[in-house]
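Structure first, then comments.
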Protein chains: 2
Amino acid sequence: MSSCEQCLVRNRAICATLDDREIKALNAIGRQRRIAAGESLIWEGEDSVVVANVIEGVLKLSTGTEDGREQIVGVVYPSDFIGRPYGEQAGQGVTALTDAHVCVFSRRDFEVFAREHPELEHKLLERTLDELDRTRRWMLLLGRKSAGEKIASFLLEMSDRLAPANCKVDIFANVRRLDLPFSRQQIADLLGLTIETVSRQFTRLKDAGIIALPSPREVEIRDRAALVAEAG
Amino acid sequence: MSSCEQCLVRNRAICATLDDREIKALNAIGRQRRIAAGESLIWEGEDSVVVANVIEGVLKLSTGTEDGREQIVGVVYPSDFIGRPYGEQAGQGVTALTDAHVCVFSRRDFEVFAREHPELEHKLLERTLDELDRTRRWMLLLGRKSAGEKIASFLLEMSDRLAPANCKVDIFANVRRLDLPFSRQQIADLLGLTIETVSRQFTRLKDAGIIALPSPREVEIRDRAALVAEAG
DNA sequence: CGGCTCATTGATAACTCTCAACGCAGGTGG
DNA sequence: CCACCTGCGTTGAGAGTTATCAATGAGCCG
């Protein structure tokens, strides 16, 4: 089996502060697991039984209404933390957007371990504070931006977030060419729009020469300044 | 001067886990401050220099676009924590909605103190995780709910959150009569609507006999079941 | 080659926003 | 004491954006 020492995100995840002995102890309570694209790790409203670290892949956090409307409330990337420690209920579902690889812990085990390792809790606190800031900025988009602004903001955010991993980078240290881990429906669920509106805004930006769309999942940013202006 | 021992939120705020000696040390680095309604404690985008605990009053957290649109991204009540420790920038502005009373710390001082007191950091982590869950639930409202559903959800949330403090409680342990700490514009900024739409939805609910509006700031919930149905 | 899913495009409707007028309450000054 | 002004909330008419419904197109796999 694979262990923490060989972990791809060993130095970026919250485990980064732990020494060899501690890593060994953490290794003992966690196990790695593969998740296929589309598969869920956690369901909204269920008891919070597991937490995890993302090793590879992209996953969405989402909530929905009874009548089937869905809102994606977060997207997690390698080294990010998943789940709800110190709480009984999972507030959001967690579903893989791409094939993913995670390091899973029983919530209880993780809580016990974390409380014995303040440095780990501190890392988790910093991450949670960052995520809260990011989430609150997203609320401005959901509540106050037009469809065009939402799409432009989305593309710019993606070009930042996807930078490390899967794409060619331009001189501005941002991504010109994106491989989106989202379908049109998922983009709609992220932005609070319908699939048709997402599609129309993409073609509008394409017709304006601001982006190119080699395929539905690929986006090339041709005029970043214009995109920034569109983002409002 | 007033000290932690007499603090109104002594047992509910994150300081609750500290013993007398620790409280004394914390008291030494904090100072109480009054904030008038409408006054700001923190401005969006500025350096994060202070953090605070709310002792009394209600404050909003908000972000805005360059062209003046605003989104309220959080509301804090007595015993809640304010500010951004372990970060250089304040992601949101903090403004008092009512006259308020807070316990302010220099961010640096607080950080040093917190890192020496894991129990305090743990409390802060739990609060931050709760707040993140609440914030994510709010995103569903912003992205996917209609104006009518937003208003109904807002009133129900208020009837929960305002329960401890300022109002008569019914047999369901929820509030029937609310004293809103928000103007119509602020409700609009919270829900991602315009002031006119907020006003129209209030009158619609009033005409339907679901609520009563003795004055703009007072709401009486007459038919909670109907309001729940409206909330979607 | 069909049959499937996903994305695009079009026509129309619905909802919310915008612009504008009016009402009401509280405060100020003559 | 009353007139006036100002801020806030309500109401109305119309426009604009986005959703809805429907059809078509493109890629993928059996």
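In this text the structure is predicted, and so the values were computed from the model without any measurement. In what follows, chains are A, B, ... by sequence order, proteins preceding strands, each numbered from 1.
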Handout entry: A:E70 and A:S62: side chain donor to acceptor below 3.5 Å
Key = yes

Problem - Between A:S183 and A:R217, a side-chain donor and acceptor under 3.5 Å - result: no

Once you round it to whole Å, what is the distance between [atom2] of [N] and [atom1] of [X]?
X      : N      : atom1 : atom2 : result
B:E218 : C:dA25 : CD    : P     : 14 Å
B:I187 : D:dC8  : CD1   : C1'   : 12 Å
A:I151 : D:dT18 : CD1   : P     : 10 Å

Exercise for the section: Scan nucleotides 19-30 of chain D nucleotide by nucleotide, 5' to 3', and note B when protein non-hydrogen atoms come under 4.0 Å of the base, S if they reach only the sugar-phosphate, - if neither. Expected result: SBB---------

Electrostatic pair [X]:[Y] at N-O distance under 4.0 angstrom:
X      : Y      : value
A:D133 : B:R84  : yes
B:K145 : B:E230 : no
A:E157 : A:K150 : no
B:R69  : B:D189 : no

Practice task
Indicate, with a heavy-atom threshold strictly under 4.0 Å, whether B:T203 touches base, sugar-phosphate, or nothing.
Solution key: sugar-phosphate

What protein N or O atoms touch nucleotides 5-7 of chain C N or O atoms at under 3.5 angstrom, if any, and at what distances?
| residue | atom | partner | partner atom | Å |
| --- | --- | --- | --- | --- |
| C:dA7 | OP1 | A:R184 | N | 3.1 |
| C:dA7 | OP2 | A:R184 | N | 3.3 |

Handout entry: Ring-face cation contact, B:Y77 with B:R12, 6.0 Å cut, 45° max
Key = no

Practice task
Compute the ring centroids of A:F202 and A:F154, then answer whether they are less than 6.0 Å apart.
Solution key: no

